[in-house]
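The chain is numbered in sequence order, starting from 1.
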Amino acid sequence: MMAHPAVLARLVAEYERVSEPEAVSRHEPVRQRMEDVVYTLCVTTGTRDIDAALAAARERLRTARLGDADALAQGQDDRTLKGRAG
């Protein structure tokens with residue numbers, strides 16, 4: 001089971017923030033946070049390395065957005081059909 005898209009989006013954004021060269025070269029708490037985010041992304045996506053975790057998370061986010069768009073379109077279609085029928 002994969003994490004909720006909102007959780008994945010937050011983790012990907014945090015990874016991108018803490019993995020910037022200037023952030024990584026700072027001090028130990030930033031490096032530790034990066035390790036924590038990498039670990040969490042791997043666990044939540046069922047992968048073993050950060051590249052695979054990021055790919056899986058981004059794919060999940062992409063399909064979630066497509067699913068939301070499809071659901072929204074379906075809801076609009078349903079309302080349109082109900083409006084015409086009623």
Would you tabulate the side-chain donor-acceptor contacts of residues 5-14 under 3.5 Å, counting partners in other chains and residues two or more places apart, or write 'none'?
residue, atom, partner, partner atom, Å
Glu14, OE1, Arg33, NH2, 3.0
Glu14, OE2, Arg33, NE, 2.5
Glu14, OE2, Arg33, NH2, 3.2

| query | Going by an N to O cut-off under 4.0 Å, is there a salt bridge joining Arg65 and Glu59? | reply | no

| message | Quick check: closest heavy atoms across Cys42 and Arg48, and the distance to 0.1 Å? | response | SG-C, 4.0 Å

| field | Gap separating the CD1 atom of Ile50 from the OH atom of Tyr15, nearest 0.5 angstrom | value | 5.0 Å

| Nearest atoms (heavy-atom pairs only) where Val30 meets Val18 | CG1-O, 4.3 Å

| CG of Asp49 to CG of Leu54: how many Å apart, nearest 0.5 Å? | 9.0 Å

| request: Identify, with sequence neighbours excluded, every residue that meets side-chain hydrogen bond (donor to acceptor under 3.5 Å, both in side chains) alongside Thr47. | output: Thr45

| task | Kindly write out the residues that satisfy side-chain hydrogen bond (donor to acceptor under 3.5 Å, both in side chains) with Asp36, not counting sequence neighbours, or none if the list is empty. | result | Gln32

